[in-house]
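Values in this document were obtained by computation on a predicted structure and should not be read as measured data.
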Amino acid sequence: MTPRIEDYALIGDLQTGALVGRNGSIDWLCLPRFDSGACFAALLGDADNGHWRIAPRGTDSAETCTRRAYVDESLVLETFWETRTGTVKVTDFMPQRDKAPDVMRIVEGVRGSVDMSSVLRLRFDFGSVVPWMRRSHGHRVAVAGPDSVWLRSEPPVKTWGQQFSTCSSFTVKEGESVAFVLTWHASHSPRPKLIDPYRALVHTLEDWAKWAARCTYQGPHRRAVMRSLITLKALTYAPTGGIVAALTTSLPEEIGGVRNWDYRYCWLRDSTLTLGAMISAGYLEEARQWRDWLLRAVAGDPADLQIMYGLAGERRLPETELPWLDGYEHSRPVRTGNAAVQQRQLDVYGEVIDSLRVARDAGLDDKPHAWNLQLSLLGFLESAWREPDEGLWEIRGERRHFVHSKVMAWVAADRAVRTLEENPGLPGDADRWRTMRDAVHAEVCERGYDPERNTFTQSYGSRELDAAALLIVRTGFLPCDDPRVIGTVDAVRDELGADGLVRRYSTEGGSVDGLPGDEGAFVVCSFWLVDALLRTGRRQEAEKLFERLLGLRNDVGLLAEEYDPVAGRQLGNFPQAFSHIGLVNSAVDLMLDDAAG
């Protein structure tokens with residue numbers, strides 16, 4: 001039986017991460033980076049595609065722990081099992097790496113005596129390659145092609161091979177512990193130095209405590225905000241500062257459907273909201289690193305600006321299907337790479353320029369070339385904004401004149417004008433960008449607005465709605481009390497709402513995205529509705545919806561991309577950065593509104 005998406009918890013070392021199920025099994029882990037091939041891919045197939053389960057002996061894969069939680073404000077996970085003979089705790093974590101990634105699992109007797117088992121199935125390249133296993137100096141070593149993994153335990157426990165798996169059996173009594181360490185390295189390189197798991201646990205908790213202490217948010221939802229910030233930090237690739245959209249690929253937006261995409265890359269569309277979330281919580285260094293990643297990634301011909309990049313700014317992310325994986329609950333195909341990288345989404349120009357202004361306003365040191373880059377992007381957008389594109393949601397249908405893309409073109413021109421007005425010494429023609437700003441505004445209000453229904457639409461000439469129209473409130477395109485803004489908020493809530501949550505757009509017959517099937521409510525869009533309700537003077541409604549959204553989190557505070565209000569379960573890639581960014585920004589908005597009121 002496949003665990004639900006919300007049954008998983010995240011551990012990571014700021015370069016990759018693993019998903020640990022309530023049944024004690026690690027079912028997803030890519031090594032050595034977020035975007036590498038998975039050595040545990042049971043999440044998208046079955047146990048034969050790779051997993052590592054530690055649980056009381058005799059429990060089957062469907063049995064789950066008694067309780068679990070993160071230790072304080074960290075990414076160290078404690079899982080408790082209460083059995084007839086005693087209680088045992090499994091502590092899972094990944095220390096911030098020196099040279100090699102380590103997964104550490106410490107089994108500790110809490111009460112009585114518990115017989116335990118460990119079953120490790122390593123399958124490299126997304127579950128397709130069975131490695132050669134051997135013993136070396138008392139350790140188990142798995143090698144296949146470029147990958148090598150070492151497994152050791154302290155103290156050593158009985159280990160044997162069975163059905164292409166490495167099995168261990170041991171007993172822990174109260175006060176006793178057994179630590180397992182799984183270490184990856186390139187197969188052509190020497191084995192990394194051994195790390196003491198107990199000392200690593202102490203250092204890992206200290207590292208997270210120091211990081212959490214930097215948070216300046218002191219609002220009423222601190223625990224939820226802190227967990228979301230920790231999740232965003234965990235999805236950050238430390239060597240470059242890039243933030244992946246999610247840990248996973250191909251978790252479905254509809255169970256059994258085809259809307260399964262690879263989110264292990266960095267999207268420009270997330271940039272402004274990400275910077276805002278980090279800055280508002282006092283994490284200026286993380287904001288600076290993300291800003292610097294952004295500047296490196298988008299450097300070059302503005303006509304070649306992509307919507308997403310690799311962890312270090314890589315441009316080629318070819319999409320491939322993995323036919324040997326059945327998909328999560330038979331949701332196929334399973335994909336790696338993302339063909340949307342080739343799309344034109346004009347809104348990203350506005351998002352980049354807005355992000356750089358947010359960074360400047362926050363007092364981040366300005367890079368000498370940053371303004372010239374923005375002028376170059378504006379020069380391209382000055383004519384390109386009139387063209388159709390694939391839009392924010394990466395539709396795989398025909399290009400259209402999406403209203404959100406036009407609004408973000410307005411944002412690009414508006415932020416340029418304001419920057420020049422505030423910094424007279426900067427080069428640039430403010431009148432030129434005012435002309436562009438006014439032209440975009442006039443066209444959107446004429447062609448993207450439906451006066452009969454008093455709402456902005458998804459695209460020119462369409463009657464369909466789009467939750468991205470909620471961002472009009474945040475951008476300043478119109479005043480918050482403008483009847484067209486209030487009408488849009490009401491229309492999106494009424495027509496795209498589902499049990500109080502918000503879908504991105506309608507997927508019914510003739511859908512704009514060109515794909516069959518349906519999807520759940522989009523979590524970040526629901527947080528956008530919180531923001532829109534608050535800014536249009538409906539605080540009580542905003543607070544009620546925010547509390548509803550907090551209730552969608554799993555038992556350890558994590559959110560996926562979407563939520564199915566009918567089945568009452570999470571959908572889509574997990575954990576999703578965009579969802580947690582939405583939570584942080586909404587919480588901050590509510591706190592600031594409360595302080596102002």
Enquirer: Any heavy-atom pair between the side chains of V566 and D499 that's under 4.5 Å?
Expert: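 Side-chain contact under 4.5 Å: no.
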Enquirer: Tell me whether Y328 contacts the main-chain N or O of I5 through its side chain, where contact means a donor paired with an acceptor under 3.5 Å.
Expert: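 Yes, because the side chain of Y328 sits within donor-acceptor range (under 3.5 Å) of the backbone of I5.
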Enquirer: Applying salt bridge (charged side-chain N to carboxylate O under 4.0 Å, His left out) as the test, list every pair that has at least one member in residues 276-287; sequence neighbours left out.
Expert: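 Salt bridge (charged side-chain N to carboxylate O under 4.0 Å, His left out) check on residues 276-287 returns R214-E286, K233-E286, E285-R288.
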Enquirer: Name all pairs fulfilling the side-chain hydrogen bond (donor to acceptor under 3.5 Å, both in side chains) condition that reach into residues 344-355, sequence neighbours left out, sorted by first residue then second.
Expert: S271-S355, T272-S355, Q343-Q345, R344-E387, D354-R415
Enquirer: Identify, with sequence neighbours excluded, every residue that meets ring pair (Phe, Tyr, Trp, His ring centres under 6.0 Å) alongside Y217.
Expert: none
Enquirer: Examine distances only and state if a side-chain atom of E319 and a backbone atom of A339 form a donor-acceptor pair shorter than 3.5 Å.
Expert: yes
Enquirer: Strictly distance-based, threshold 3.5 Å: is any side-chain N or O of R291 a donor or acceptor partner for the main-chain N or O of V358?
Expert: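 Not a single qualifying donor-acceptor pair exists.
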Enquirer: So with a 6.0 Å cut-off around NE2 of H369, is the heavy-atom count from everything else above 12?
Expert: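 Yes, the 6.0 Å shell around NE2 holds more than 12 heavy atoms from other groups.
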Enquirer: Looking at every heavy atom in both P575 and L235, which two are closest together, and how far apart are they?
Expert: O-CD1, 3.7 Å
Enquirer: Hey, is R259 close enough to E254 for a salt bridge, meaning N to O under 4.0 Å?
Expert: no
Enquirer: Please check if atom CD in E421 has more than 12 non-hydrogen atoms from other residues, nucleotides or ligands closer than 6.0 Å.
Expert: yes
Enquirer: Under the salt bridge (charged side-chain N to carboxylate O under 4.0 Å, His left out) rule, what pairs show up with a residue in residues 265-277, not counting sequence neighbours?
Expert: R269-E394
Enquirer: Should R493 and E541 count as an ion pair when the cut-off is N to O under 4.0 Å?
Expert: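 Yes, this pair counts.
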Enquirer: Looking only at the side chains, is there a donor atom on one of Y265 and E314 sitting less than 3.5 Å from an acceptor on the other?
Expert: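 Short answer, no.
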Enquirer: Look at R538 together with D490 and state whether they make a salt bridge at an N to O cut-off of under 4.0 Å.
Expert: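 Salt bridge flag = yes for D490 with R538.
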Enquirer: When you check the gap from the basic side-chain N to the acidic O, do R434 and D438 get nearer than 4.0 Å?
Expert: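 The answer is no: the pair does not qualify as a salt bridge.
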Enquirer: Has the side chain of W28 got a donor or acceptor atom that lies under 3.5 Å from a matching backbone atom of L247?
Expert: yes
Enquirer: So, T216 side chain and A281 main chain: donor-acceptor pair closer than 3.5 Å or not?
Expert: yes
Enquirer: Does E253 reach the main-chain N or O of E519 with its side chain, forming a donor-acceptor pair under 3.5 Å?
Expert: no
Enquirer: Give me each pair satisfying side-chain hydrogen bond (donor to acceptor under 3.5 Å, both in side chains) with a member in residues 402-413, each pair once, sequence neighbours excluded.
Expert: D389-S405, H401-K406
Enquirer: Restricting to pairs with a member in residues 469-488, which pass salt bridge (charged side-chain N to carboxylate O under 4.0 Å, His left out), not counting sequence neighbours?
Expert: R474-D531, R474-D589, D482-R484
Enquirer: Could you pull out all residues at least two apart from W293 that satisfy ring pair (Phe, Tyr, Trp, His ring centres under 6.0 Å)?
Expert: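 Here the qualifying residues are W290.
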Enquirer: Quick one about D450 and T455 (side-chain donor to acceptor, distance below 3.5 Å, no hydrogens or angles considered), yes or no?
Expert: no
Enquirer: Mind checking what makes ring pair (Phe, Tyr, Trp, His ring centres under 6.0 Å) contact with W267, not counting sequence neighbours?
Expert: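 With sequence neighbours excluded, W267 shows a ring pair (Phe, Tyr, Trp, His ring centres under 6.0 Å) to Y263, given in chain and number order.
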Enquirer: Using side chain to side chain donor-acceptor pair (under 3.5 Å) as the criterion, list what pairs up with E321, not counting sequence neighbours.
Expert: none
Enquirer: What pairs with R437 under salt bridge (charged side-chain N to carboxylate O under 4.0 Å, His left out), at least two apart in sequence or on another chain?
Expert: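 For R437, the residues satisfying salt bridge (charged side-chain N to carboxylate O under 4.0 Å, His left out) (neighbours in sequence not counted) are D414.
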Enquirer: Measure from the side-chain N and O atoms of W371 to the backbone N and O of D366, and report whether any donor-acceptor pair falls under 3.5 Å.
Expert: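 Judged by distance alone, no pair lies under 3.5 Å.
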Enquirer: Have a look at T249 and tell me which of D262, D35, L43 forms a side chain to side chain contact (heavy atoms under 4.5 Å, CB included) with it.
Expert: D262
Enquirer: Taking L583's backbone N and O only, do any of them form a donor-acceptor pair with S586's side chain (distance below 3.5 Å, no angle check)?
Expert: no
Enquirer: Indicate whether any N or O donor in one side chain lies under 3.5 Å from an N or O acceptor in the other, for D466 and W393.
Expert: yes
Enquirer: Could you please spell out the steps behind the side chain to side chain contact (heavy atoms under 4.5 Å, CB included) verdict for F546 and E543?
Expert: CA-CA 5 Å; F546 184 73; E543 287 180 327; 5.6 Å; no
Enquirer: Pairs in or reaching into residues 223-232: which pass side-chain hydrogen bond (donor to acceptor under 3.5 Å, both in side chains), with residues at least two apart or in two chains?
Expert: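 Passing the test, one end in residues 223-232: S228-H580.
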Enquirer: Can you give the donor-acceptor pairs under 3.5 Å from side chains of residues 304-311 to other protein atoms, not counting sequence neighbours?
Expert:
unit_1, atom_1, unit_2, atom_2, d
Q306, NE2, M308, O, 3.0
Q306, NE2, R315, O, 3.3
Y309, OH, Q306, N, 2.9

Enquirer: Would you check, one step at a time, whether the test side chain to side chain contact (heavy atoms under 4.5 Å, CB included) holds for R335 with N260?
Expert: CA-CA 7 Å; R335 298 179 172 95; N260 318 316; 4.1 Å; yes
Enquirer: Would you call R504 and E562 a side-chain contact if the rule is heavy atoms closer than 4.5 Å?
Expert: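 When only atoms from C-beta onward are counted, E562 and R504 do touch, with a gap below 4.5 Å.
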Enquirer: Between the side chains of D564 and R569, is the shortest nitrogen-to-carboxylate-oxygen separation below 4.0 Å, so that they form an ion pair?
Expert: no
